[in-house]
Amino acid sequence: MKFIGTAVTDIGNVKKTNQDSVCVRIANSEKIGQIAMVVLCDGMGGLEKGELASATVIRAFIAWFDNELPKLINKLSWKTFSAQWERLIKEQNFIISQFGKSRDVTLGTTVTALLAIGNKYLIAHVGDSRAYEIGSGFKQLTEDQTFIAREIKKGTMTPEQAAKDPRRNMLLQCVGASREVVPQILFGDIKYNTVFMFCSDGFRHVLTDEEMYQAFNYTAATNEIVMEQNSRVLIDTVKSRNERDNITVALLKCSK
């Protein structure tokens with residue numbers, strides 16, 4: 001499998017700092033070909049130093065990719081990968097929490113991370129950033145860990161009610177601001193001619209699935225330049241619709 005990736009982030013219309021952080025890493029292995037990692041974090045908008053929390057988690061994943069993954073690549077154990085990612089997230093939750101306590105502040109971040117090797121992928125997820133699979137359709141892979149998502153699942157709230165509910169940004173857990181975090185772990189097969197999309201909630205709030213599909217489907221995402229251009233067009237659309245949050249989107253195109 002061959003990968004190309006892009007990431008675009010924008011401070012948005014209102015906020016004074018960009019609390020989103022994102023990275024896309026693609027490396028070559030002689031034994032198994034290309035390896036890709038995408039990590040997107042959204043620092044908590046109402047919490048202090050959210051940008052520090054999100055950047056801290058990104059740096060931890062990059063360190064794992066650069067230093068730990070090469071030691072594991074010959075065994076290619078997805079069980080080991082997922083265990084290490086779950087431990088990494090829990091360690092970051094403790095580190096960020098302790099930092100906040102030492103300075104009497106509260107800070108936290110979502111995290112949505114994907115590792116792609118060959119035709120397999122692993123996703124680890126906490127919060128309400130999202131990962132999507134764009135193939136013949138537009139499929140959300142991660143589950144929002146929010147109050148309203150839980151209520152919709154329980155049947156006590158409709159999607160229409162949730163869209164107007166003032167608690168729509170209330171997270172059930174986030175890294176650094178929860179006593180304990182339990183990441184959602186997903187495994188899957190990568191189909192050829194697929195694009196994975198990752199975004200903070202500020203990107204998707206005012207866009208339709210069809211708008212995102214048209215901009216980022218395999219045919220539209222011809223190369224890195226076009227992928228980045230299409231990302232910026234949609235970010236400008238989001239800003240024109242008066243979104244108040246930071247805005248981030250990352251793409252990973254998977255080809256033969």
Side-chain angles (χ1 to χ4, degrees), residues 1-13 18 20-28 33-42 58 110-125 128-144 159 163 186-256:
M1 194 74 69
K2 295 181 180 178
F3 305 107
I4 58 173
T6 60
V8 182
T9 186
D10 192 285
I11 194 171
N13 293 321
N18 190 346
D20 291 354
S21 297
V22 62
C23 76
V24 177
R25 301 297 290 266
I26 298 174
N28 292 300
Q34 287 193 320
I35 301 166
M37 182 182 75
V38 181
V39 188
L40 189 147
C41 296
D42 179 356
I58 292 286
T110 70
V111 58
T112 302
L114 174 140
L115 178 68
I117 304 175
N119 65 342
K120 303 286 186 181
Y121 71 78
L122 158 69
I123 290 175
H125 167 73
D128 66 347
S129 299
R130 288 183 180 177
Y132 293 85
E133 181 184 54
I134 307 174
S136 57
F138 188 78
K139 179 182 179 182
Q140 181 181 339
L141 298 174
T142 52
E143 292 185 3
D144 295 344
L186 302 171
F187 299 96
D189 297 323
I190 303 174
K191 304 175 183 68
Y192 292 122
N193 303 342
T194 294
V195 178
F196 290 99
M197 186 193 96
F198 312 83
C199 66
S200 59
D201 62 331
F203 178 79
R204 60 177 169 79
H205 276 154
V206 295
L207 293 174
T208 66
D209 289 358
E210 180 64 20
E211 286 174 316
M212 291 184 280
Y213 176 82
Q214 291 299 329
F216 298 142
N217 68 73
Y218 186 86
T219 302
T222 52
N223 55 50
E224 292 100 323
I225 294 173
V226 173
M227 289 159 66
E228 184 171 325
Q229 288 174 341
N230 290 354
S231 297
R232 294 189 183 281
V233 167
L234 281 193
I235 287 175
D236 287 343
T237 300
V238 169
K239 292 169 72 174
S240 73
R241 293 175 184 174
N242 300 317
E243 172 61 45
R244 299 179 62 83
D245 207 348
N246 305 138
I247 309 164
T248 303
V249 60
L251 303 170
L252 185 70
K253 182 179 181 179
C254 311
S255 308
K256 288 185 178 181

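Distance check, rounded to the nearest 0.5 Å: CG of N18 to CG of D245 gives 9.0 Å. Rounding to the nearest 0.5 Å gives a distance of 11.0 Å between CD1 of I247 and NE2 of H205. If you take CE on M1 and CD1 on I117, they are separated by 12.0 Å, rounding to the nearest 0.5 Å. Between the OG1 atom in T6 and the CD atom in E228 there is a gap of 6.5 Å [rounded to 0.5 Å]. Taken to the nearest 0.5 Å, the CG atom of N230 stands 11.0 Å off from the CD1 atom of I235. Taken from OH in Y121 to CG in L115, the straight-line distance is 12.5 Å, to the nearest 0.5 Å.
Using a 4.5 Å cut-off on side-chain heavy atoms (C-beta onward), L252 and L114 make contact. The closest side-chain heavy-atom distance from R241 to L207 is below 4.5 Å. Counting only heavy atoms from C-beta outward, the side chains of Y218 and T194 never approach each other to under 4.5 Å. Residues V238 and E211 have side chains not in contact (no heavy-atom distance under 4.5 Å, counting atoms from C-beta outward). Under the 4.5 Å side-chain criterion, counting only non-hydrogen atoms from C-beta, L141 is in contact with K139. At a threshold of 4.5 Å between non-hydrogen side-chain atoms, the residues T9 and N246 do not count as touching. Residues F3 and K253 are not in side-chain contact: their nearest non-hydrogen atoms beyond the backbone lie 4.5 Å or more apart. You'll find the side chain of Y132 stays beyond 4.5 Å of the side chain of F216, heavy atoms only.
Shortest non-hydrogen contact noted between V8 and S231 is CG2-CB, 3.8 Å. Across all their heavy atoms, G5 and V24 have their closest contact at CA-CG1, 4.0 Å. Counting all heavy atoms, side chain and backbone alike, I123 lies closest to A131 at CD1-CB, 4.0 Å. In this structure, K120 and I190 approach most closely via the heavy-atom pair O-CD1, 3.4 Å. Closest approach of L251 to M227, counting heavy atoms only: CB-CE, 3.7 Å. Heavy-atom minimum distance, E143 versus Q140: CA-NE2, 4.4 Å.
A donor-acceptor distance shorter than 3.5 angstrom exists from the side chain of N13 to the backbone of E243, with no hydrogens or angles considered. At distances below 3.5 Å, not a single donor-acceptor pair connects side-chain atoms of K191 with backbone N or O atoms of G135.
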So T110 and D128, side-chain contact (heavy atoms from CB on, under 4.5 Å) or not? Walk me through it. CA-CA 7 Å; T110 70; D128 66 347; 3.5 Å; yes
Verdict with supporting geometry, L186 and H125, side-chain contact (heavy atoms from CB on, under 4.5 Å): CA-CA 8 Å; L186 302 171; H125 167 73; over 6 Å; no
Kindly indicate, with the supporting measurements, whether the criterion side-chain hydrogen bond (donor to acceptor under 3.5 Å, both in side chains) is fulfilled by D42 and S200. CA-CA 6 Å; D42 179 356; S200 59; 4.9 Å; no
Candidate pair R130 and F203, rule side-chain contact (heavy atoms from CB on, under 4.5 Å), full reasoning: CA-CA 10 Å; R130 288 183 180 177; F203 178 79; over 6 Å; no
Yes or no on side-chain contact (heavy atoms from CB on, under 4.5 Å) for V111 and V39, after CA distance, side-chain angles and deciding distance? CA-CA 7 Å; V111 58; V39 188; 3.9 Å; yes
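Between the side chains of T112 and S129, no donor-acceptor pair of N or O atoms lies under 3.5 Å.
Annotation for R244: atom CZ does not count as buried by contact number, only 12 or fewer foreign heavy atoms lying within 6.0 Å.
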